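What's counted below: heavy atoms across the whole structure, side chains too, no hydrogens, waters or symmetry copies. What you see is a predicted model, and the numbers here were worked out from it, not measured in a lab.
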Amino acid sequence: MKTLIKNGQLLTNEGEFKLADIFIDSGMIIEIGEALKREAEEIIDANGLLVTPGFLDLHIHLREPGGEKKETIATGTAAAARGGFTTVAAMPNTRPVPDTKEQLAWLNKRIEETASVNVLPYASITIRELGEKLTDFQALKEAGAFAFTDDGVGVQSAEMMLQAMKKAAEIDMAIVAHCEENTLINKGSVHEGAFSEKNGLNGIPSVCESVHIARDVLLAEAANCHYHVCHISTKESVRVVRDAKRAGIKVTAEVTPHHLLLCEEDIPSLDANYKMNPPLRGEADRDALIEGILDGTIDFIATDHAPHTAEEKAEGMQLAPFGIVGLETAFPLLYTHFVEKGMFTLKQLIDFLTVKPAEVFKLASGKLEIGAKADIVLLDLNHTEKINPEQFLSKGKNTPFAGWECRGWPVLTMVNGKIAWSKGSVTA
C-alpha cells in the first residue's frame with residue numbers, strides 16, 4: 001500500500017523543524033521531501049504535527065500468558081500504539097516463563113496473531129526465573145529471544161550470573177538485570193526513607209539495588225559481556241554505572257519516567273498507585289537520575305509498564321503488587337515536565353525514546369529516513385489534556401499521574417506502514 005504523509009514537521013539533527021512530506025510504499029519509507037508529487041491510496045495530512053520515528057520501549061510487561069486479567073498482548077500493544085510506541089520488548093515474568101524454545105515459539109506465534117506493534121520477547125536467564133539453572137541460551141536465541149533477563153527478581157548467585165554472562169557473550173547477546181539483593185529487601189514496600197519512617201512501613205534501602213549493580217559490572221568486565229541495568233533508581237547506582245563506563249566496561253542503563261518525575265516526597269498517602277519496584281527514592285536520587293541521563297551515564301528511557309487489576313491495587317501499600325502503567329502517558333509527561341521546562345531539548349527527548357535504545361541493542365528501528373521501516377508517530381505538541389485512566393487502552397489503570405494536565409499527545413501511530421492507532425480521522 002502506498003501512503004503519503006503531507007505537511008509534517010520533521011526534527012533535524014540540529015533540533016530545528018523542517019516542513020516535509022513522507023512517501024511510504026510496502027511498509028518502507030521511500031522518499032522524504034517538500035511537496036512530493038506521488039500517487040497514494042492513503043493521504044495523511046500532518047499539518048501542524050511533529051512527525052518522528054515511532055518510540056521504542058524496551059521494558060514492558062504484557063502479562064500473557066498467565067496474567068491475562070491484568071493485560072494481554074493485544075491490549076498492551078494497543079496501549080503502546082496509543083502512546084506512540086511502535087516497538088516494545090516484553091519481559092519474561094509470565095506463567096509459564098519463556099525459558100524453552102518451545103515456549104518462546106508459542107509466544108512468538110501469539111505475538112504474530114494479536115500484537116498491533118512490533119514485540120521483541122525476552123527469554124529468561126534461569127529456568128522459571130528461579131536462579132537455580134541456566135536456560136539454553138543458544139536455542140533461545142535461535143527461537144527469537146531479544147535478550148536474557150530474570151526481570152522481577154535479581155539473580156542472587158554471583159557464580160550463576162558470571163556463567164550467564166559468559167554464555168551470553170559467546171553468542172553476542174545482552175544480559176539485562178533487575179538488580180536487587182534479596183537479603184536487603186527487608187520485606188519493604190517503599191523506599192527506606194522519610195516516607196517509610198513516617199508511615200511505619202518497612203523500607204527497601206538504596207544499597208539493595210546498587211550493591212547488585214556494583215557486583216555485576218565487575219562480572220560483566222570479567223565475562224566481556226554487554227550488561228544492561230533495568231530501571232535504575234538511586235544516586236549510588238548512577239555513580240557505579242558512571243565509573244564502570246569510564247573503566248571501559250560494556251554497561252548500559254535505562255530509567256523510567258516515574259523515577260525522573262517523582263520521589264518519595266511526592267507520595268501523598270498510602271496509595272498503592274505509588275508503589276513500584278524499584279520504589280520512588282529520595283529527591284537527591286531523582287536529581288542524580290536526571291543528571292545521569294543528561295550526561296550519558298543512563299542511556300535511554302523505558303516505562304516498565306506494569307499493569308495490575310484494580311482489586312490488586314486496592315489491597316493497600318503493604319499488600320498490593322509493585323508496578324504502574326506507563327505506555328500511554330510517557331511522552332506527554334516527559335514533554336510537559338522536561339522539554340517545556342527547558343531541562344531537555346525536544347531532540348534529546350525524542351532520542352531517549354528512539355535512537356538511544358536502538359543503538360544500545362543494535363536495532364534498525366528508531367530512524368526516520370529513506371530505506372527505514374515506516375514506524376512513525378505524529379505528535380500534537382500544542383494539545384493539552386488531563387490524564388484519564390478510564391480512557392486507557394491498557395487493562396491496567398494503575399497510575400499515580402491521574403488528573404495531571406499534559407501537553408504533547410500522540411495523534412497517530414504507524415507500524416510497518418499501517419495505521420496501528422489514530423485519535424480520529426486522519427485521511428486528507
Side-chain angles (χ1 to χ4, degrees), residues 10-15 28-29 51-60 80 83-91 117-122 141 145-149 151 165 168-169 171-177 213 216-217 220-221 224-232 238 241-242 244-257 260 289-304 330-331 334 338-339 344-377 415-416:
L10 275 60
L11 200 59
T12 68
N13 289 332
E14 292 74 36
M28 305 297 290
I29 298 174
V51 183
T52 77
F55 306 146
L56 285 71
D57 191 343
L58 300 186
H59 187 146
I60 74 164
F85 291 92
T86 55
T87 296
V88 297
M91 287 297 175
V117 304
N118 305 303
V119 180
L120 308 172
Y122 283 99
K141 178 180 181 178
F146 168 60
F148 299 99
T149 183
D151 184 64
M165 289 180 172
I171 58 174
D172 193 27
M173 294 283 276
I175 291 292
V176 176
I213 299 173
D216 285 355
V217 294
E221 182 179 35
N224 192 28
C225 173
H226 174 201
Y227 168 68
H228 179 76
V229 179
C230 290
H231 43 48
I232 193 169
V238 174
V241 171
R242 183 178 289 123
K245 284 191 170 188
R246 287 172 178 164
I249 299 170
K250 292 193 289 187
V251 57
T252 55
E254 72 195 30
V255 66
T256 70
L260 290 171
L289 296 173
I290 295 169
E291 179 185 357
I293 197 161
L294 286 171
D295 71 13
T297 300
I298 300 170
D299 297 85
F300 61 82
I301 295 171
T303 70
D304 191 13
F331 184 83
L334 293 166
F338 288 98
V339 177
F344 299 166
T345 67
L346 179 58
K347 178 68 164 57
Q348 284 175 317
L349 176 56
I350 298 297
D351 284 356
F352 293 150
L353 295 169
T354 59
V355 175
K356 298 296 186 180
E359 286 178 349
V360 165
F361 284 94
K362 303 173 186 175
L363 301 173
S365 310
K367 299 175 182 177
L368 194 65
E369 60 186 34
I370 294 170
K373 284 201 312 178
D375 291 349
I376 296 170
V377 61
V415 178
N416 299 321

Identify every side-chain donor-acceptor pair in residues 345-364 under 3.5 Å, counting partners at least two apart or on other chains, and give the distances.
from : atom 1 : to   : atom 2 : distance (Å)
T345 : OG1    : Q348 : N      : 3.0
K347 : NZ     : D351 : OD1    : 3.2
K347 : NZ     : D351 : OD2    : 2.8
Q348 : OE1    : T345 : N      : 2.8
T354 : OG1    : I350 : O      : 2.6

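A89 is linked by a side-chain contact (heavy atoms from CB on, under 4.5 Å) to L58, L120, Y122, F146, counting only residues two or more places apart in sequence or in another chain. With sequence neighbours left out, A302 forms a side-chain contact (heavy atoms from CB on, under 4.5 Å) with D57, H59, E254, F300. Residues meeting the salt bridge (Lys or Arg N to Asp or Glu O under 4.0 Å) test with D299, sequence neighbours left out: K245. With sequence neighbours left out, the ring-ring contact (aromatic ring centres under 6.0 Å, His included) criterion links F55 to F85, F331.
Taking CE of M91 as the start and CD1 of I60 as the end, the distance is 9.5 Å to the nearest 0.5 Å. Between the OG1 atom of T303 and the NE2 atom of H231 there is a distance of 11.0 Å, given to the nearest 0.5 Å.
Considering all non-hydrogen atoms of both residues, N224 and A169 come closest at O-CB, 3.6 Å. Nearest heavy-atom pair, D216 versus M165, reported as atom, atom and distance to 0.1 Å: O-CE, 3.5 Å. Heavy-atom minimum distance, I232 versus L289: O-CD2, 3.5 Å. Scanning both residues, K141 and I171, for their nearest heavy atoms gives NZ-O, 2.6 Å. Closest approach of I293 and F344 over heavy atoms only: CG2-CZ, 4.0 Å. Scanning both residues, L368 and V51, for their nearest heavy atoms gives CD2-O, 3.6 Å.
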**Asked** Could you walk me through whether V229 and V251 pass the side chain to side chain contact (heavy atoms under 4.5 Å, CB included) check?
**Response** CA-CA 8 Å; V229 179; V251 57; 4.2 Å; yes
**Prompt:** Checking side chain to side chain contact (heavy atoms under 4.5 Å, CB included) for the pair I298/V241: CA distance, chi angles, key distance, verdict?
**Reply:** CA-CA 8 Å; I298 300 170; V241 171; over 6 Å; no
**Request:** Show the numbers, then the answer: is there a side chain to side chain contact (heavy atoms under 4.5 Å, CB included) between N118 and V415?
**Result:** CA-CA 8 Å; N118 305 303; V415 178; 3.8 Å; yes
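Using a 4.5 Å cut-off on side-chain heavy atoms (C-beta onward), L260 and I290 make contact.
Applying the salt bridge (charged side-chain N to carboxylate O under 4.0 Å, His left out) test to residues at least two apart or on different chains, the pairs with a partner in residues 363-373 are K373-D375.
Paired with L56 under the rule side-chain contact (heavy atoms from CB on, under 4.5 Å), one option of V88, I301, T87 passes, and it is T87.
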